[in-house]
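FYI, side chains are in, hydrogens and waters are out, and symmetry mates aren't considered; it's all heavy atoms of this structure. In this text, all values refer to a predicted model and were calculated from it rather than measured experimentally. When a ligand or atom number is given, it counts from 1 through the structure's own listing order.
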Amino acid sequence: MTAQQQLEMLRDELREHNYNYYVLDTPTISDYDFDMKLRALQELETQHPEYYDPTSPTLRVGGMVTKNFETVEHEHRMYSLDNSYSKEDLQDWEKRVQRVLGDAPLAFTCELKYDGASISLTYEAGKLVRAITRGDGTQGDDVTTNIKTIKSVPLQLKGDYPSKFDIRGEIVLPFEGFAKMNAERIANGDEPYMNPRNTASGSLKLQDSALVAQRPLDCLLYGIVGENTGIDSQWQMLEKAREWGFKVPTVAKLCKTTDEVLEFVEHWDTHRHDLPYETDGVVIKVNSLQQQDELGFTSKSPRWALAYKFKAEQVSTVLNEITYQVGRTGAITPVANLEPVLLAGTTVKRASLHNADQIAKFDIREGDTVFVEKGGEIIPKIIGVDFGKRPGGSAPTKYIDRCPECDTALLRTEGDAKHYCTNYYGCPPQITGRIQHYISRKAMDIEGMGSETVELLFQERLITNYADLYTLTKEQLMPLERMAEKSAENLVNGVAESVKIPFERVMFALGIRFVGETVAKKLARAYKNIDALMAASVDELTAVNEIGERIAHSVVEFFQDDDNREIIERLKGYGVQFSLSEDQLENQTDTLKGMTLVVSGVFETLGRDELKKMIEDNGGKVGSSISSKTAYLIAGDKMGPSKRTKAEGLGVPIISESQFLEMLA
Ligand code: AMP
Ligand code: ZN
């Protein structure tokens, strides 16, 4: 078998597995085997760049970075839908339809109204060529690189598809994946996302497609537009789309009467919480495409379709008490403790109030009857007060001005909605929060230790910062509650093992405000060791790609603190990694020091991310747009002509990939 045949075979096989897993939800291979095959394909592709295929399953992992999403015109306009809320609305619509169509028999396709971000995908010769957001309906943003990372979007179709067509759908973030994402954010000390819909639509505009690839997004399709598609009804459209490899939910119904339609609506109004993703209604469409054609469009929506909105999920209940939580960074979050109430299938006892402004905006007070709403959020929100039920003599909420845990006066800096407890070293939830962050999976990943253990060790005065972890002995631990010899041993070993964790993760583990995983990596790579980083000024730090003022200040402040410096000295003594490893250093030079390089186009041997990493590894900075300060423009294939003109105009030298590699050699 030739390498090309081998490539094709692997690609086909992996496409089929992707389809089974992400579209049909019935995998036929283990995750491990899949990863092995994917890796084999990646290797072959690196060896044979000449067989590049824009529909290869390896592209699912992303990596392309888009700085500015191009605005593109939709070939077929994307319309809105008219809304209805009652049986009467629905019957009126049917009458209007019937008036246009005479006595011709009618049928309706009912589909769920998926609540996400609308998307239009263009396929040519069975390959995905473009993905555009809805935008204003006539033009949207080209988000193709990001959409390609969504595993249920076929890059290559199956069966007897038309040569060219657009298909419309909705990008959604299923509840389960959303909850998982939020659990991770909370564990990392980040604010959880508000709801799946906004998170889904925000994901489409992320610049780094590798981040999009990590989000469990899904794409549900419902409508095909194009010439000569060979389709003559909405129902057939759904079936065909499924055949060609698209994910089209099977919850849909072909109805003859509006009574049947209502039955479908009522059923899903109560059962929608059993679905894996968010929906906000039912879309009813005249089934025959010929009839759809006769009905046509108003200026903003099709006359042949109608959205029937579900009732908003809202309840009212009494707000018993407002309490305040202190996070690892000292941020205060007010929490509404509610009289337990059933909402959207779960009992709700608490709701987040976000910050002082939110409370003031709605004038929320203890004792009030409040309206609580639940979308896909894990934490329900308060959307207003039932002022008619406000008890006499109630007074406006006075936001706390001292920390509920340590009584320190709270600080609120301008431009920040939150109040902070500044007692960094003495405030218990901040102390334990920092240690919990340090041991967490993405940080030092200390085995044999969990959040409760940290609480316990802190209560027993065995630890007050993360450096203390390294002094723990088996003898100290064994007398503690629920601590058998084995677990004490595991804990001590886990801590000892953590000195192997690489510098970039140590940087994240330190828990410097605004220094998340990515920033930690950037800092570690740019400075190579902690001493250099500790000596850096705000100006020097902001010269590092993507490090802003806010982060720079926070880093400087952290290292200026004597206690932090002492903790770091101690960690060094215990053997924790505070510099890049030999391997990592080997590829690094200062050749490009002080230079900003811009990368544009598609490259033969290196990926764009690899190129960017090489620039950074060699001391350079990656620029996002060409300016007089750009040292070089590295141009690949398909670079936009406007970039070239701009570079030439500014006298920025344009070099090829191989010239760049020579420069470094
Ligand atoms: P609206 O934004 O309220 O005008 O509703 C129109 C939007 O509903 C469309 O742009 C689609 O993105 C979305 N939608 C969700 N599910 C469907 C569906 N099954 N059929 C048609 N549109 C849908
Ligand atoms: Zn405090």
Give the numbers and elements of all ligand 1 atoms closer than 4.0 Å to a heavy atom of [X].
X      : result
Ser118 : 10 (O), 12 (O)
Glu111 : 18 (C), 19 (N), 20 (N)
Leu112 : 16 (N), 18 (C), 19 (N)
Ser80  : 4 (O)

Part of [X] with heavy atoms under 4.0 Å of ligand 1, whether side chain, backbone, both or neither:
X      : answer
Asp115 : neither
Val283 : side chain
Tyr222 : side chain
Lys285 : side chain

Would [X] count as a cation-pi partner of [Y], with NZ or CZ less than 6.0 Å from the six-membered ring centre and within 45° of the ring normal?
X      : Y      : result
Arg565 : Phe559 : no
Lys256 : Phe108 : no
Arg434 : Tyr438 : no
Arg77  : Tyr79  : yes
Arg215 : Phe178 : no

Does any N or O atom in Gly169 lie less than 3.5 angstrom from one in ligand 1, N or O only?
no
Return a yes/no value for Asn83: is any of its N or O atoms, backbone included, closer than 3.5 angstrom to an N or O of ligand 1?
no
Are [X] and [Y] an aromatic pair by the rule of ring centers under 6.0 Å?
X      : Y      : result
Phe246 : Tyr123 : yes
Tyr277 : Phe175 : no
Phe514 : His553 : no

Provide, to 0.1 Å, the distance between atom 16 (N) of ligand 1 and the closest protein heavy atom, together with that atom's residue and name.
Tyr114 N, 3.1 Å
For atom 7 (C) of ligand 1, closest protein heavy-atom neighbour
Arg134 NH1, 3.8 Å
Evaluate the side-chain proximity of Glu278 to Tyr114: yes if any heavy-atom separation is below 4.5 Å, no if none is.
no
Quick one: angle Cys403 SG - the Zn ion (ligand 2) - Cys406 SG, to the nearest 10°?
110°
Vertex the Zn ion (ligand 2), ends Cys421/SG and Cys427/SG: angle to nearest 10° comes to 110°
Can you tell me if Glu557 has over 12 outside heavy atoms packed within less than 6.0 Å of its CD?
no
If you measure from atom 12 (O) of ligand 1 to every heavy atom of Met78, Lys309, Lys113, Glu170, which option wins on shortest distance?
Glu170
